[in-house]
Amino acid sequence: MAQQVPLDFLGDLRRTHSCGALRAANEGQRVVLMGWVYRRRDLGGVIFIHLRDREGVTQVVFRAECDGNLHGKAEMLRSEYVIAVEGLVEARTAENINPNIPTGEVEIVAEKMWMLNTSETPPFPMEEHVDVNEDMRLKYRYVDLRRPHMQRNVMLRSKISLEVRNELSSQGFLEIETPFMTKSTPEGARDFLVPSRIQPGNFYALPQSPQIFKQLLMISGYDKYFQIVRCFRDEDLRADRQYEFTQIDLEMSFPQEEQIFQTIEPLLEKVCAAAGYTVKAPFPRMTYAEAMQGYGIDKPDLRLPRFWPVEDLFPADAGLTREGLPLVAIHIPGTGVLSRKERDELKDYGRERGLTVYDDPKRLERDFPGVIEKVRERTGAGENDLLLLAGWRDEPKGQRPEETVYQACGQLRLFAGQKYNDRHKLLDPKDFRFLWVLDFPMFEWNDEDERWVAAHHPFTSPKDEDLEKLTTNPARCRARSYDIVLNGVELGSGSIRIHRQDIQSQVFSAVGFSQEEAQARFGYLLDALTYGAPPHGGIALGLDRLVMILAGETSIREVIPFPKTAKGTDLMSEAPAPANERQLRELGIQLRRPQG
RNA sequence: GGGGACGUAGUUCAGUUGGUUAGAACGCCGGCCUGUCACGUCGGAGGUCGCGGGUUCGAGCCCCGUCGUCCCCGCCA
């Protein structure tokens, strides 16, 4: 228990400044500060405390010689006590200036102090330099959020949201809300369901995104909509995935892709500027096919160089890869000479993914004289760089077999890049490399269900010239979709939508919905498309991921005030929790007991 | 659903081949200290070694199970 300390009332006392505001220019002013006791240094006759609020830290000094009663009261102060202090701003002498804090030129000589509240000893240190296990931080999140590190992240998030609203509003976008209690959509992620009390047995679903509603808003004539909106997906959690996450969602009428890019690029310029970084539009662009052929992934990290197909440089019968499949040269700069063990690790990693990895260019040079020189020329790999060749070992796999090879090579490239990042600083987190990826395929093959599923979502328009491939060759049908990628992270995803009912029906049927099914699931959208739906399209950016990267974090939990654990638990409130019998009865729900 | 890492004082960690009374730092409590700013100094308290079972003369350490946190795969239209 905290010691018994007589508390004071706040009354009509007001702050004059924040704890981060005072400078030498304020010398001599009478001020009132309020905040938390960050650190206390009791030197006997004089007590220093650092008083903290979200704006910063200011030193307050209590001198016994000036006021014995006040000094005695200050002796009771402990970490995280909440106090108000009135006193005079005094300039510190040159040797006493603290260069580590912005208010370090001054201190407050306390004349009055109000003890507003005590605090238990915090469950973990408030200091920034101390790492604490995440479960402790989440259990006492209200304390963790008080630490300067989290306060910076939360404030940065607010700043970025404000910047988004300002920029989009100034571009003529309207902020419009859409419902959270809506209808379950098939495909996509698992929905969170909300039972209806008035209609037992019926359920609302929380939106995985406001997709259909924003399309309906376009049909309703609200050109240029945006929303900073919570989305819900019941899938397993990760460092960059939570059940609830926030999208910067927008949609416009009559756009070409170009207009979406021209909306987002200045937005991201402004957002980065708000975080203190300069990025320059236009961002580079590449097609999905180029991304796969150069990086083996649809979200290339441009901080590492691309890989290159090089099978054409070798004799046709070289046998380094399966016939008809690519041989890939992977180049990681500046790694220097790797040990036997390190190279074996790379080979093993590739082998587990179906690749045969050739890690020794000299040996290949012996078997195929002159070829490595050409490979180095194509890749730009120097003598001090890592150069790996990778071919496919097994039977060709998948509907787009060359893609399977590129994907494995892409994983190997990232594995190697990240592995040597620490040593060689290949991946600077403050080197922001935005990228547009265009022309995704319309469909991906789902092995489990043995059918095509929409790669983006089933409202994405096929490219005009690929329209007939919807039925004839779905594997090669391209979509008018685009992703914005930042340093290997998918930041956002969008598309030009289908605005014609006939095409929408074709797409539903391509992903295996019967007419009746499509009507039951999306009848209202199909109907709406018949009432004058304009061409429209948009995009949604993951706000959590954006803030995460700009804050230099590697988990979105660091930029979400109250996140859940990997098992979906809130360690503070202990949600989820059982519903009581009365709640269940009202909802008409009977629990199915686990077997046994 | 699968793989991996971790769990010891309030916190962060160490703990040898299985062997005496489980340690350190920070924090906390008390004393001293009038210029500190991660104050200093002297002293003190603080442990269900996540939980349950097993092996053993003996378990923080070995085995089985279980719970929790983190990372990855699957999953994420």
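Excluded from the calculations below are hydrogen atoms, water molecules and symmetry mates; all remaining heavy atoms, backbone and side chain alike, are included. Quick note on labels: first sequence line is chain A, next is B, and so on, each numbered from 1.
When the C1' atom is compared between G68(B) and A59(B), the two are found 23 Å apart, to the nearest whole Å. Annotation: A45(B) and A9(B) have their C1' atoms spaced 11 Å apart (nearest Å). One P atom belongs to C6(B), the other to C63(B), and the distance between them is 13 Å to the nearest Å. With both ends at atom C1', the span from C61(B) to U17(B) equals 10 Å, rounded to whole Å. Straight-line distance between the C1' atoms of A14(B) and C26(B): roughly 14 Å, to the nearest whole Å. If you take atom C1' in G47(B) and the same atom in U11(B), they sit 14 Å apart, rounded to whole Å. Going from the P atom of C67(B) to that of G52(B) covers 15 Å, rounded to whole Å.
In this structure, R40(A) does not reach the C28(B) phosphate: none of its side-chain N or O atoms is under 4.0 Å from OP1 or OP2. Within the structure, a side-chain polar atom (N or O) of R78(A) is placed less than 4.0 Å from OP1 or OP2 of C29(B). Side-chain N/O atoms of N100(A) include one lying less than 4.0 angstrom from OP1 or OP2 on A38(B). The shortest distance between the side-chain N/O atoms of R238(A) and the OP1/OP2 oxygens of C73(B) is below 4.0 Å. Checking the phosphate oxygens (OP1, OP2) of U69(B), a side-chain nitrogen or oxygen of T565(A) falls inside 4.0 Å. At C76(B), none of the side-chain N or O atoms of R190(A) fall inside 4.0 Å of OP1 or OP2 (strictly under the cut-off). Phosphate contact (OP1/OP2 of U36(B), side-chain N/O of R41(A), threshold under 4.0 Å): absent.
In this structure, Q418(A) places its CD atom 10 Å from P of C72(B), rounding to the nearest Å. In this structure, Y38(A) atom OH and C39(B) atom P are separated by 10 Å, rounded to whole Å. The CD atom of E120(A) sits 19 Å away from the P atom of G27(B) (whole-angstrom rounding). E444(A) places its CD atom 9 Å from the P atom of C76(B), with the value rounded to the nearest Å. The nearest whole Å value for the distance from the CG atom in D236(A) to the P atom in C71(B) is 12 Å. Atom pair F62(A):CZ and U34(B):P shows a separation of 17 Å (rounding to whole Å applied). One atom, CG of L77(A), and another, P of C29(B), lie 12 Å apart when rounded to the nearest Å. Computed from coordinates, the I47(A) CD1 to U36(B) C1' distance equals 12 Å when rounded to whole Å.
A donor-acceptor contact under 3.5 Å links the side chain of R241(A) to the base of C76(B).
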Point to revise | Candidate pair E27(A) and R92(A), rule salt bridge (charged side-chain N to carboxylate O under 4.0 Å, His left out), full reasoning | key: CA-CA 10 Å; E27(A) 187 184 355; R92(A) 301 202 203 181; over 6 Å; no

Point to revise | CA sep, side-chain torsions, deciding dist, call: R78(A), E120(A), salt bridge (charged side-chain N to carboxylate O under 4.0 Å, His left out) | key: CA-CA 9 Å; R78(A) 295 293 181 274; E120(A) 297 292 330; over 6 Å; no

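Using the six-membered ring where Trp is involved, W436(A) and Y482(A) have ring planes that are perpendicular, over 60° apart on the 30 and 60° scheme. Note: H457(A) and F459(A) have tilted aromatic rings, judged against thresholds of 30 and 60 degrees for the angle between ring planes.
Remark: C13(B) base-pairs with G23(B); criterion is Watson-Crick or G-U wobble with both hydrogen-bond distances under 3.5 Å. If you check G58(B) for Watson-Crick or wobble pairing at under 3.5 angstrom, you find it has no partner at all. Both distances falling under 3.5 Å, in either a Watson-Crick or a G-U wobble arrangement, place U69(B) opposite A5(B).
Taking the salt bridge (charged side-chain N to carboxylate O under 4.0 Å, His left out) definition, one finds that K564(A) meets it with E244(A), sequence neighbours left out. In this structure, K183(A) has no side chain to side chain donor-acceptor pair (under 3.5 Å) partners at least two apart in sequence or on a different chain. Every residue meeting the side-chain contact (heavy atoms from CB on, under 4.5 Å) condition with I560(A), not counting sequence neighbours, appears here in chain and number order: R157(A), Q242(A), D544(A), I556(A), P563(A).
Comparing T554(A) and A454(A) along RNA chain B, the residue whose closest nucleotide (by nearest heavy atom) sits nearer the 5' end is T554(A).
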Review point. What one-letter contact string describes nucleotides 9-15 of chain B from 5' to 3', where B marks a base within less than 4.0 Å of any protein heavy atom, S marks contact via sugar-phosphate atoms alone, and - marks no contact?
Key: -SSS---

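Summarising the geometry, atom CD belonging to E128(A) is positioned 10.0 Å from atom CE belonging to M126(A); distances are rounded to the nearest 0.5 Å.
Screening L491(A), L250(A), D483(A) for a side-chain contact (heavy atoms from CB on, under 4.5 Å) involving I539(A) leaves a single residue, L250(A). With respect to R497(A), the side-chain contact (heavy atoms from CB on, under 4.5 Å) criterion is satisfied by exactly one of R480(A), H536(A), Q504(A): H536(A).
The residue R557(A) sits close only to the backbone: its heavy atoms come under 4.0 Å of sugar-phosphate atoms, none of a base. L571(A) comes within contact range of the sugar-phosphate backbone alone, with a heavy-atom separation under 4.0 Å but no base atom that close. Counting any heavy atom pair closer than 4.0 Å across all strands shown, E107(A) reaches a base atom.
Under the 3.5 Å distance criterion, with hydrogens and angles disregarded, no donor-acceptor pair is assigned to the side chains of T471(A) and Q506(A). D67(A) and N69(A) share no side-chain donor-acceptor pair at under 3.5 Å.
Within a heavy-atom distance below 4.0 Å of RNA chain B, the residues of residues 89-99 of chain A found are R92(A), N96(A), N98(A).
Between F232(A) and F180(A), a ring centre-to-centre spacing shorter than 6.0 Å is recorded.
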Please tabulate the protein-to-nucleotide N/O contacts below 3.5 Å involving nucleotides 43-47 of chain B, giving atom names and distances.
none

